[in-house]
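Since the structure comes first, as structure tokens, the remarks are kept for the end.
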Number of protein chains: 2
Amino acid sequence: MPDATHAAKKDDKPRRRLSSDERRADFIQKSIKLFAEEGFESSTRELARRLGVTQPLLYRYFPSKQDLVSAVYDEVYVRRWRPEWEALIADRSRPLTERLCAFYGVYTDAIFHPDWIRIYLYSGLKGEEINARYMRVVTTRILAPIFAEVRHEAGLPERAPTEEEIDKLWVIHGGIFYFGVVKLVYAKTPPRHKDSAVAFGVRAMIEELKREFSEEERAPRR
Amino acid sequence: MPDATHAAKKDDKPRRRLSSDERRADFIQKSIKLFAEEGFESSTRELARRLGVTQPLLYRYFPSKQDLVSAVYDEVYVRRWRPEWEALIADRSRPLTERLCAFYGVYTDAIFHPDWIRIYLYSGLKGEEINARYMRVVTTRILAPIFAEVRHEAGLPERAPTEEEIDKLWVIHGGIFYFGVVKLVYAKTPPRHKDSAVAFGVRAMIEELKREFSEEERAPRR
DNA sequence: TTGCTTGTTTATCGAGTGAAAAATTAACCT
DNA sequence: AGGTTAATTTTTCACTCGATAAACAAGCAA
């Protein structure tokens with residue numbers, strides 16, 4: 001009797017054959033979907049089933065399942081970052097609020113997808129190093145520049161943010177991100193008020209930062 | 001030869017015996033730790049190993065692993081909620097900012113533990129119904145009351161928040177929660193600036209809400 | 001057609017999974 | 001002491017997991 005545990009197709013009439021590159025890309029794309037849905041413990045057999053191939057074929061393209069996971073990380077984390085985002089934040093020809101709303105508009109357009117958010121959360125829970133690296137990138141490429149721009153708009157001299165100040169920025173940045181988690185992961189509904197939620201967070205962050213800066217001016221520390 | 005896959009202790013000298021209630025509670029407490037660390041796919045054998053008992057004993061106390069998971073949900077979600085939190089928010093004898101800082105102080109004291117946060121994230125990714133229920137509780141017992149208090153402090157008539165306004169409150173509430181995620185899950189370090197991060201979020205939220213209310217007063221909708 | 005390359009399947013292994021049934025034994029009650 | 005209850009272990013099953021080796025077959029070049 002035929003072993004069904006590796007069956008590729010029910011009707012094995014049209015057994016097409018892909019080039020090495022196509023097949024590899026197919027594995028990664030379908031893995032993103034599967035891992036996002038069910039986590040990284042998803043079986044290689046379920047993945048193969050979705051691809052319409054048998055399970056051992058995976059090991060022709062990836063030495064181990066962990067190598068496939070790493071390829072998924074690379075595709076999701078690294079390839080979706082747009083360097084032009086950083087220029088958007090620092091473009092002083094536009095009002096700061098407008099700039100930051102524009103930045104968080106395109107940033108959330110990029111990451112507010114169930115695939116991205118769920119893989120991010122899963123890998124974070126796994127304690128993957130790439131997660132910590134991503135957090136450092138956010139800190140230095142987004143939060144610190146925002147801090148510098150708010151100070152500039154407030155007419156204050158440039159200064160590196162303290163750890164505590166970065167934490168305050170994380171509350172807003174994380175709040176915007178977590179708004180996406182609530183909508184896409186928990187409620188499974190499109191984020192209808194994304195723009196006004198972003199604008200609320202941006203304005204609240206800028207104004208509260210300015211307020212704290214002016215208090216600091218009045219009573220300098222140390 | 002003895003089968004090691006179910007071994008409880010190496011030295012089986014002191015084989016103590018617990019009461020039904022103690023053992024059941026022990027299963028739940030150790031499950032919280034284990035599931036928080038490794039997710040709900042953790043094996044029942046690993047759990048038994050940590051308890052110092054054999055794996056089939058679990059099935060004397062829980063019909064299935066899923067029943068154990070449900071017991072963990074109950075312990076973590078339901079039992080940690082403090083009804084007095086709601087009174088804290090509505091206590092108009094104190095200034096609103098102070099009230100909300102106090103509320104978020106004790107609320108984060110309750111939930112800013114790796115166990116709670118990780119189980120919350122894991123169960124949310126699994127799409128568990130209890131997660132959606134918790135979100136509704138947060139909305140009606142925390143966010144809507146905060147909305148009412150801000151309006152009251154602004155001298156405005158009572159009014160139910162729109163979905164869009166609740167979303168704005170989620171940005172701050174979620175931001176405070178996600179600050180805990182960043183510290184406890186990603187960075188694995190105690191949230192040193194918890195109080196000032198909370199105060200930042202609270203003040204930013206209150207002031208920005210007031211600002212939007214006053215704009216609304218100037219140009220009423222519809 | 002022949003023959004070679006390579007994408008793909010078949011078959012299988014060893015370890016680990018949740019769960020059921022039955023045997024064992026510690027603790028309590030007369 | 002003896003006897004009973006119930007906590008715990010032993011044994012085992014059917015299944016799933018990631019991974020390997022070998023057989024097969026589609027496409028292409030001669």
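Fair warning: this is a prediction, and the values are worked out from it, not measured in the lab. A note on names: the letters A, B, ... follow the listed sequences, proteins ahead of strands, and every chain is numbered from 1.
With hydrogens and angles ignored, no donor-acceptor pair closer than 3.5 Å exists between the side chain of B:Arg23 and the base of D:dT8. No donor-acceptor contact under 3.5 Å links the side chain of B:Arg17 to the base of C:dA27. Residue-to-nucleotide contacts include no donor-acceptor pair under 3.5 Å from the side chain of B:Arg45 to the base of C:dG16.
If you check D:dG18, D:dT10, D:dA7 against the side chain of B:Thr54, the one that comes closest is D:dT10.
Counting only residues at least two apart or on different chains, the salt bridge (Lys or Arg N to Asp or Glu O under 4.0 Å) pairs with a member in residues 139-150 of chain A are A:Glu86-A:Arg141, A:Arg92-A:Glu149, A:Arg99-A:Glu149. Residue pairs meeting the salt bridge (Lys or Arg N to Asp or Glu O under 4.0 Å) criterion with at least one partner in residues 166-179 of chain A, sequence neighbours excluded, are A:Asp167-B:Lys183, A:Lys168-A:Glu212.
Within 4.0 Å (heavy atoms only), B:Leu18 reaches sugar-phosphate atoms of the nucleic acid but no base atom. Among the protein residues, B:Ser20 comes within range of the sugar-phosphate backbone only, with heavy atoms under 4.0 Å from sugar or phosphate atoms but none that close to a base. When heavy atoms are screened at a 4.0 angstrom cut-off, B:Phe62 is found touching no nucleic acid atom at all.
Contact record, B:Phe103 with B:Leu88: CA-CD2, 3.6 Å, taken as the closest heavy-atom pair. In terms of heavy atoms, B:Gly174 sits closest to A:Tyr178 at CA-CD2, 3.5 Å.
Taking 4.0 angstrom as the limit, B:Tyr59 places none of its side-chain polar atoms (N or O) nearer than this to OP1 or OP2 of D:dT8. Residue B:Ser43 places no side-chain N or O under 4.0 Å from the OP1 or OP2 atom of C:dG16. At C:dG18, one or more side-chain N or O atoms of B:Thr44 fall inside 4.0 Å of OP1 or OP2 (strictly under the cut-off).
Protein atom CD of B:Gln55 is 14 Å distant from nucleotide atom P of C:dG16, rounded to whole Å. Rounded to whole Å, the distance from CG on B:Asp21 to C1' on D:dA6 is 13 Å. Put simply, CD on B:Glu38 is 14 Å from P on C:dG16, counting in whole angstrom units. Rounded to an integer number of Å, the gap from A:Phe27 CZ to D:dG18 C1' is 14 Å. Between B:Leu57 atom CG and C:dA23 atom C1' the separation is 15 Å, expressed in whole Å. Taking atom CG on A:Leu58 and atom C1' on D:dG18, their separation rounds to 9 Å, with Å as the unit. If you take CG of B:Leu51 and P of D:dT9, they are 10 Å apart, rounded to a whole angstrom. Between the P atom of D:dT5 and the CZ atom of B:Arg60 lies a distance of 13 Å, rounded to the nearest Å.
The distance between the ring centers of A:His173 and A:Trp170 falls below 6.0 angstrom.
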